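Chain naming here is simple, since letters A, B, ... match the order of the sequence lines and numbering starts at 1 in each. None of these values were measured; they are calculated from a predicted model.
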Amino acid sequence: MDLPKHYSSETVEKKWYDHWMAQNYFHSEPDEREAFSVVIPPPNVTGVLHMGHMLNNTIQDILIRKARLDGKNACWVPGTDHASIATEAKVVRMLREKGIKKGDIGREEFLKHAFAWKEEYGGIILEQLKKLGASCDWERTRFTMEESLSKAVIQVFVDLYRKGRLYRGLRMTNWDTDALTVLSNEEVIYEDENSRLFHVRYQVEGTDEYVVIATQRPETIMADTGLAVHPDDERYKHLHGKRVIVPLVNRSVPIITDTYVDLEFGTGALKITPAHDPNDYELGEKYDLEVIDIINLDGTLNELAQFCIGEDRFVARKNIGKLLDEAGALVKIEDYRTRVGRSERTNAVVEPKLTLQWFLKMDEFAATALEAVSSGDVKFYPENMWNMYNSWLKAENVRDWCISRQLWWGQQIPAWYHGEEVFVAANEEEALAEARERLGNPDLQLSDLTRDEDVVDTWFSSWLWPISVFDGFENQDELKYYYPTDTLVTGWDIMFFWVARMIMSGYEWAPELLGKEHLIMPFRNVYFTGMVRDSKRRKMSKSLGNSPDALALIDTYGADGVRYGMLSSGSAGNDIIFDAPLDPKTGQVLNESKLCAQGSKFCNKMWNALRLVSSWERDASKAEDPISQMASIWIESRLSQVNKEVTRLIGEYRLSDAIMELYKFIWDDFCSWYLEMIKPADGKIAEVTYQRTASAYEQMMTLLHPFMPFVTEEIWHGLKERAAGDDCIVSKWPEAREFDEALISRVTLAQQAVVKVRETRATKGVKATEKLKMFTQAGSPGEELVKDAGLRAAIEKMAHLEEVSVTDVEPSNTVAFLVGNDTFYLELNEEVDVEAEITALEKELEYQQGFNASVMKKLNNERFVNNAPAAVVDRERKKAADSEARIKSLTAEIERLKGLL
RNA sequence: GGGCGAUUAGCUCAGUUGGUUUAGAGCACCUCGUUUACACCGAGGGGGUCGGGAGUUCGAGUCUCUCAUCGCCCACCA
């Protein structure tokens, strides 16, 4: 068999993914096995694969593949989210480029374009996930705006309305002046930005006195309907009950007093613009002030402003500033830093605006969602995410969810209006029937009703995801089997958008759909990944351009290499600093990563181990030699040990630790020690040794398979002839057997002996291959190592020694070192500097004495001996005995050497 | 202004009921080495008083308090 020197991820990965798909391994149907389901956090249908996706989908894939190996019926449901604002914005832009305006073509036509766009460009990300190796059940791919899922949204809307948990109201909302829609609070990103604070004076009516206020938004002055001061503010007490004249528009407005006003800030006087500020709106309500709305939906000023009509609010800001100055009302302008809210999707500065919207009452939902996690029904990893969750959902912080959006790409709200009456129903026929009945007018026609133009928030469809992907609102056949899902893997940044709301919806509808005896949480566990950040700790994002090209990374390092890289840094909840360096010229992130490179090197290492093993000529007549005999039992023991450990770590979601454990085991134990020990000089290996080696190697590959599926599958096939359909992916997770712990520690000692020899060679400048003799003295505990034929031979082979023996003869021209507690002597061919050896041994002795002293300090402490657990005390006694033995060995050797001087 | 989390080797991080040799890994670094799996390699080595201080304990990287620095989340200060 001629294998290339370098592992080629490109060809291997394509080959196996195609094979898995052809064999339909990822598909799941309900059966008698235990179900293990995971629903993907649906990426935006417009999205492309980025680092966050790679991290989070690698983790899901590991969990799913492990479950599959454990013999569970593993089902990973993929899909995409219609992402209303983001997608609609893209389609609008695309149409604009074609010279088509959204408003001109109407809703239906627009949706056709949008669906066509989705068919052509949407879902690229799912193809990219295949490159990563994601073992999703692609036959189950869902989309939040497909018919069944949309029906579920409508059904839920109607249900909530009938339960009295939905209401429509005029509220101060966050308005996106670009997308022309309202936004939920969560969709507004606040950041500190530079601004200017205008100090403007208002004349007190009927006097020559002025009150100076400070504002960042002079363009809203024309909408002022009041001025507020603190009731206890001595500066303004004489003005209580008086009125001031708003500059430019010369409107007379009342001075009100309220403790909301901060005495310390600015001049202590505040202009009140109920239409354009949430706080002012509240004050306006309280004091019954007029609401004058001077800003259009697109952010321009309307006629009511009287000035700067038609100008954008930011243009008007400058111009009004000038006008105020000309009118002598502008006192000064200060530079100021303040929090500005921008739309998460369009980056437009959010305009507080009074609009009529649909809201979902959240108090009950929030209480349920809190209880679900505090009771332990839903477990969080890491646990401390509870704090963030709790602070968001506790009663005093919960706000009703604004679910309507002034967009077309989404599920249209199933509400019809006739005058003041509202009819909410699953379809127009039902709405009409209800309207006829309630209005007592059997002749009422559909054309007499007006349907709500708005759609629901995208999250109002994704919060149903764990149920709706199984068509659970229509029938419960699959839901019964797959629900609840096992683990949700997502970033903590969407804990409130999505995780909490899925819990709410699960507890709301699962009992109705499945009955209360069925488990009702949407998932048992939530694994929160951290944010992937760049080397400057900035969140990776498209706009910053600091994210490496995910697909380019896969091309360079292979999916296995990238998966390794994503995992080997960080743990649950902690942010990951991705190590891609920056281009010094452009400041852009380079598609280079040490971690991913390490992963691809690891693939190459394993590949070459296969090359080595495959290169041996197998000889059925050859007997197993003592080294191989010993080494096989050792590697099998270690394998079982590692198996147990890795299983435990995966169960605790400690995936980085698990992959690191496997990395060290495969690289160090298997490649550096085991293979080197059994490596035949003549290239001929006993058949039995080959089989045991292949079997151990195969098991290692299975343990690593969930993490690095491609290379492990490739090697697994390279080791043995396989029957058709007998694939790694469906093979069993190996059983962890009892392991020979005593042998493991003996091998550790043997390794120590080898390292000491190598170290001695390095420091004395003796060639690594120069044949030397080593011995220990008769009657010493080190005999155990030498008496074991396999171990002795292994030491000789690994350290290039001619002989390791037990002897009575007095050492001569030797270098002594400790192996375990005993002294071993290495005979050198050149003259040994006795004084230097004494110095070296004395240094070692000093360390051992220090160590012994610290142990004895504990043991001589009565309180320690009395209070510490017996096992701990025993361990300390063992340490003491060991170090005493070492001290004895060292002292004796030092004495002997001194006698030579 | 509240809350959460960090601070361990040059870098990125482990260290999960306080005791497993007076701290570990990977990368980086230094020395040596082309021995027929792998130079995407092998062998060896240096490097940390676990942010500072105090406390609890027989025993603290681990628990408590405090200070410092840095992140992040939430909040209506014009």
_Distance between P atoms of B:rA54 and B:rG46 (Å, rounded)_ = 32 Å
*A:Ile659 CD1 - B:rU12 P separation (whole Å)*: 21 Å
*Nearest-Å distance, OH (A:Tyr190) to P (B:rC72)?*
18 Å
*On a whole-Å scale, what distance lies between the P atoms belonging to B:rU49 and B:rA37?*
43 Å
*Walk me through it: do A:Phe380 and A:Trp386 pass the test ring pair (Phe, Tyr, Trp, His ring centres under 6.0 Å)?*
CA-CA 7 Å; A:Phe380 280 1; A:Trp386 159 256; 7.3 Å; no
_Counting the atoms with a prime plus P, OP1 and OP2 as sugar-phosphate, which does A:Tyr281 contact under 4.0 Å by heavy atoms, base, sugar-phosphate, or nothing?_
nothing
*C1' spacing across the pair B:rU35 / B:rC27, given as an integer number of angstrom*: 27 Å
*asked:* Please confirm whether the shortest side-chain N or O distance from A:Arg399 to OP1 or OP2 of B:rC76 is below 4.0 Å.
replied: yes
*Are the ring centres of A:Phe528 and A:Tyr381 closer than 6.0 Å?*
no
*Would you indicate which nucleotide in B:rU35, B:rC73, B:rG5 comes nearest to any side-chain atom of A:Met388?*
B:rC73
*Can you find a side chain N or O atom of A:Tyr7 that sits less than 4.0 Å from OP1 or OP2 on B:rA37?*
no
*So, is A:Lys601 near the phosphate of B:rC38, with a side-chain N or O under 4.0 Å from OP1 or OP2?*
no
*Using the P atom on both, measure B:rG51 against B:rG26 and round to a whole Å.*
22 Å
*Establish, with yes or no, whether the OP1 or OP2 oxygen of B:rG44 is under 4.0 angstrom from a side-chain nitrogen or oxygen of A:Arg758.*
yes
*Please give, in whole Å, the distance from B:rU16 P to A:Phe380 CZ?*
23 Å
*P atom, B:rG52 versus B:rA9: distance in rounded Å?*
11 Å
*How far, in whole Å, is B:rU62 from B:rG19 if one measures between their C1' atoms?*
11 Å
*Under 5.5 Å between ring centres and under 30° between planes: does that hold for A:His6 against the base of B:rC40?*
yes
_Phosphate OP1/OP2 of B:rA39: any A:Lys5 side-chain N/O under 4.0 Å_ = yes
*Out of curiosity, A:Met172 CE to A:Leu354 CG, how far, rounded to the nearest 0.5 Å?*
4.5 Å
*asked:* Using atom P in both nucleotides, what's the gap between B:rU64 and B:rU16 to the nearest angstrom?
replied: 14 Å
*Do any side-chain nitrogens or oxygens of A:Trp667 fall under 4.0 Å of OP1 or OP2 in B:rG42?*
yes
*Between B:rG42 and A:Lys605, is there an OP1 or OP2 to side-chain N/O distance shorter than 4.0 Å?*
yes
*OP1 or OP2 of B:rG45 sitting under 4.0 Å from any side-chain N/O of A:Thr763?*
no
*After noting the C-alpha distance and the side-chain angles of A:Phe707 and A:Tyr564, does the key distance pass the ring pair (Phe, Tyr, Trp, His ring centres under 6.0 Å) rule?*
CA-CA 7 Å; A:Phe707 302 88; A:Tyr564 179 95; 9.6 Å; no
*Mind calculating the distance between CD (A:Glu187) and P (B:rC74) to the nearest angstrom?*
14 Å
*State whether A:Tyr190 and A:Arg339 meet the cation-pi test: NZ (Lys) or CZ (Arg) under 6.0 Å from the six-membered ring centroid, and within 45° of the perpendicular axis.*
yes
*asked:* I need the A:Ile678 CD1 to A:Ile635 CD1 distance, nearest 0.5 Å.
replied: 9.5 Å
*Which word best sums up how the rings of A:Trp667 and A:Tyr663 line up, parallel for under 30°, tilted for 30 to 60°, or perpendicular for over 60°?*
tilted
*All stems with RNA chain B, defined as three or more consecutive Watson-Crick or G-U pairs under 3.5 Å*: B:1-7 with B:68-74, B:10-13 with B:24-27, B:29-33 with B:41-45, B:51-55 with B:63-67
*asked:* Measuring only the C1' atom in each nucleotide, how far is B:rC65 from B:rU57? A whole number of Å is fine.
replied: 16 Å
